[in-house]
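All heavy atoms count here, side chains included; hydrogens, waters and symmetry mates do not.
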Amino acid sequence: MKKSIFKLGLLAVLFGAVSCEGFIDNSPEDQISVNDYFKTSNDIENYVKKYYASLPVHGSANLPLQDDNSDNLIVAIPNSVMHGTRAPRNGQWTTEWANIRSINILFDNLDNVQADVSQYAQFLGEAHFFRAWFYYEMLQTYGDAPIYEHELFPGDEDLYKGRDSRTAVADFIIAELDKAFQYVGARAQTGNAKINKEAVLAFKSQVALYEGSWQKYHAGTAFGTSGADPKKYFQLAVDASQQLITGSYTKGLYSTGKPASDYYTLFGLDNMSSVNEVLFYKIASTSEQMGHELQFYTTRRTRDMSLTWSLVSSYLGKDGMPYNFTELAKSAKGNAFLAKIAADCDPRLSATVWIPGDLRVASSGTTFSKPFLNGGSEELAATGFQVKKFSNPYSTAAGADFGGLSQTGRIYFRYAEVLLNYAEAKYELDGTIAFEALNPLRARVGMPNFTVIPQAEYGDNLVDYGYTIDDALYAIRNERRVELALEGHRSDDFKRWAAHKLVTGKRPLGYPFDPAEFPGFTPKLSEDGRIDYFQTQMPAGYGFRKDQDYLTSIPSDELVLNPALTQNPNW
């Protein structure tokens, strides 16, 4: 039986992991044999580069929209995961396995390459990185998952194997990243639009922190793994972070000496190639028809996104102490409330939420007047906290029409996250507060050094994780939320922390409404006058199911096709 691959596309999956369609014995004329293809380092490069296209993109503001799956952001309808209305998956999961099967074909054929490994080491390292990336997606989605390191064909016994434990999957991912680190070049050699040693270390710190905290906080539940050692993963996270922090690598925090604006500027840049903080990012180019809609949705419309009171009230005052948002809301409403919190709080707040008077579009001199509380489809900011982060008023796409005109870079790993990964993992490991990692984040925005605040002092801003944590860990988690807001981490964070209490039974509120600013418009309000947009849609608050919604269901057809597979809890 001949195996074949397309010249273009190069074997998008021919089979799912448990599919049983037949191969065609004779290769079509527009295909070449695997044995004829994997010969040169150029073949390896061309094969691996397609996986860059599978990485997330800004698209139609997919980031920050991704935070809709958390307590940071809402759109016009409740998120199905947050609200516990997600239905079991039907069909198969062949799509999820497509890239894993495809990349395994490469590893199966490396012996055919007629070149020394030094000539294709970078691309081999990228392949290991991507296999880790794809398996990390499986880990986050399903938990336990079968591990496949080779291409599968009809009749292979492994098609019908059961799921490997999530700790085995995590260990496999980390091993893949260690191999990737061995082969890829440092950023100084590759740049930051290609996978590099710095990005690999950042990814490793993320994976290890994720699994360590998952196993610690889900221990004794159906989501934990019997015999797991959380400290093993916390140590791996510390080691990977520390290696990057102390090593001779290209890294740092973006700062031009403008604490009021540097944090904001970073996320709206088009060209991030010279930004040391950006360890790995995706270039967007309108000339190559690789633009997106991010600036359209942050400077002109909203894609119905708005931020929550919960996120906004997590920002500290400029003195580094909790700010009394609730008390302010009694006297300051609408625009006055927004202007006051911008003046009084951590500059990362006004970098994330539009404030009246902010420049939205430099080319036309357009400023932000008030949030789109009564906007129509894709022009709604229902809470009054309208998304500003990632915008750039000086971008050529600012205020422009829909049409893929944005070229803002899409960051995958930045140094600030590594500092936060290190601080959290270090504290979880041995109770040490990593001031040396946390203080630079504060200094970049002109805030006082990191301090541990007694939780009682947070007042109404205090969030409930559903269990007791000490003051230092609470402060570290809060710093993480503020620094990484809208960057797609929050959903993973509250799930790995087993923190469903953050959302279950609660509704996401907005700012205190000022009727004088919206004549004839009457939104739903809480008893104290804050916007309560989901008051009717979910009167009892979010219905996140603590015994079910931490993982996604295995598609139903797979359970029939492979009796060795087990379903995730309560699906």
Side-chain angles (χ1 to χ4, degrees), residues 56 58-86 263-264 267-268 293-315 325 338 341 345-346 348-355 368 371-373 375 377-391 408 410-411 461 463 477-478 480-495 497 499-500 502-504 506-511 523-524 530-535 537-538 541-544 549:
H58 271 309
S60 295
N62 297 334
L63 199 66
L65 182 69
Q66 189 174 341
D67 260 22
D68 173 44
N69 201 13
S70 78
D71 55 348
N72 279 354
L73 180 147
I74 67 168
V75 292
I77 58 175
N79 179 277
S80 64
V81 177
M82 297 290 291
H83 196 27
T85 58
R86 180 174 45 160
Y263 176 84
Y264 168 65
F267 301 99
E293 312 297 342
L294 179 64
Q295 295 303 324
F296 175 72
Y297 283 119
T298 54
T299 66
R300 182 170 173 180
R301 293 189 181 176
T302 66
R303 204 182 173 189
D304 295 338
M305 299 180 293
S306 58
L307 309 183
T308 65
W309 177 275
S310 175
L311 171 60
V312 170
S313 63
S314 65
Y315 290 82
F325 292 88
L338 293 173
I341 62 175
C345 295
D346 185 329
R348 288 174 289 189
L349 175 55
S350 58
T352 305
V353 179
W354 282 110
I355 307 299
F368 184 77
F372 302 173
L373 285 182
S377 177
E378 296 207 325
E379 295 182 337
L380 175 68
T383 67
F385 299 124
Q386 192 161 322
V387 177
K388 176 182 177 182
K389 191 171 181 178
F390 304 103
S391 67
T408 310
R410 206 290 193 181
I411 301 172
N461 302 342
V463 298
R477 287 184 178 185
N478 193 73
R480 181 179 182 88
R481 185 180 194 182
V482 166
E483 176 68 29
L484 300 181
L486 308 188
E487 295 177 49
H489 295 280
R490 183 64 175 176
S491 176
D492 293 337
D493 287 344
F494 93 77
K495 288 177 181 176
W497 293 332
H500 56 271
L502 289 173
V503 298
T504 303
K506 299 179 176 68
R507 288 198 301 271
L509 299 178
Y511 79 166
K524 295 178 178 64
R530 285 180 284 170
I531 291 177
D532 191 357
Y533 182 73
F534 286 152
Q535 189 178 97
Q537 295 188 61
M538 49 181 209
Y542 281 126
F544 184 92
D549 285 321

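- Contacts of Thr383 classified as side chain to side chain contact (heavy atoms under 4.5 Å, CB included), with partners at least two apart in sequence or in another chain: Ile74, Ser306, Phe385.
- A search for ring-ring contact (aromatic ring centres under 6.0 Å, His included) contacts involving Phe267 returns Tyr263, Phe390, not counting sequence neighbours.
- Salt bridge annotation for Lys389-Glu487: present, with a cationic side-chain nitrogen under 4.0 angstrom from a carboxylate oxygen.
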*Report the C-alpha separation of His83 and Phe534 in whole Å, then their side-chain angles, then the decisive distance to 0.1 Å, and conclude whether the side-chain contact (heavy atoms from CB on, under 4.5 Å) test is met.*
CA-CA 11 Å; His83 196 27; Phe534 286 152; over 6 Å; no
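- Closest non-hydrogen pair, Arg490 versus Asp71, comes out as NE-OD1, 2.8 Å.
- Closest approach of Leu338 and Pro371 over heavy atoms only: CD1-CD, 4.2 Å.
- Relative orientation of the Phe325 and Trp309 rings is perpendicular, given thresholds of 30° and 60° on the angle between their planes.
- For the residue pair Tyr264 and Ser391, a side-chain donor N or O sits within less than 3.5 Å of a side-chain acceptor on the partner.
- Taking Asp304 as the reference, Val75, Ala76, Thr302, Leu380 meet the side chain to side chain contact (heavy atoms under 4.5 Å, CB included) condition, with sequence neighbours excluded.
- Considering NZ of Lys388 and CZ of Phe368, their distance stands at 9.5 Å, rounded to 0.5 Å.
- Side-chain contact between Glu293 and Arg303: absent, with no pair of heavy atoms (C-beta onward) separated by less than 4.5 Å.
- Of the residues Thr308, Asn72, Asn79, the one that meets the side-chain hydrogen bond (donor to acceptor under 3.5 Å, both in side chains) test with Asp67 is Asn72.
- Closest non-hydrogen pair, Leu373 versus Gly384, comes out as CD2-N, 3.4 Å.
- Among all heavy-atom pairs drawn from Ile77 and Gln537, the shortest one is CA-OE1, 3.9 Å.
- Side chains of Ser491 and Gln66 form no contact here, defined as non-hydrogen atoms less than 4.5 Å apart.
- For the atom pair Ser80 OG and Asp68 CG, the distance stands at 8.5 Å (nearest 0.5 Å).
- How far CZ of Arg481 is from OH of Tyr315: 8.5 Å, rounded to the nearest 0.5 Å.
- In terms of heavy atoms, Asp346 sits closest to Arg348 at OD2-NH2, 2.7 Å.
- Shortest non-hydrogen contact noted between Ala61 and Met305 is CB-CE, 4.0 Å.
- Put simply, the side chain of Val81 reaches to within 4.5 Å of the side chain of Lys495, judged on heavy atoms.
- The CG atom of Leu65 lies 7.0 Å from the CG atom of Leu73; values are rounded to the nearest 0.5 Å.
- To the nearest 0.5 Å, the span separating OG1 on Thr408 from NE2 on His58 amounts to 6.0 Å.
- At a threshold of 4.5 Å between non-hydrogen side-chain atoms, the residues Leu311 and Leu486 count as touching.
- When the ring-ring contact (aromatic ring centres under 6.0 Å, His included) test is applied to Phe372, no partner is found at least two apart in sequence or on another chain.
- Interatomic distance, Tyr542 OH to Arg507 CZ, rounded to the nearest 0.5 Å: 11.0 Å.
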_For a side-chain contact (heavy atoms from CB on, under 4.5 Å) check, start with the C-alpha distance between Arg477 and Val463, then their side-chain angles and the critical distance, and finish with the verdict._
CA-CA 11 Å; Arg477 287 184 178 185; Val463 298; over 6 Å; no
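- Evaluation of the side chain to side chain contact (heavy atoms under 4.5 Å, CB included) rule for Arg300 yields Phe296, Asp401 as partners, not counting sequence neighbours.
- Using a 4.5 Å heavy-atom cutoff, the side chains of Ser60 and Tyr297 are in contact.
- Residues satisfying the side-chain hydrogen bond (donor to acceptor under 3.5 Å, both in side chains) test with Ser314, not counting sequence neighbours, are none.
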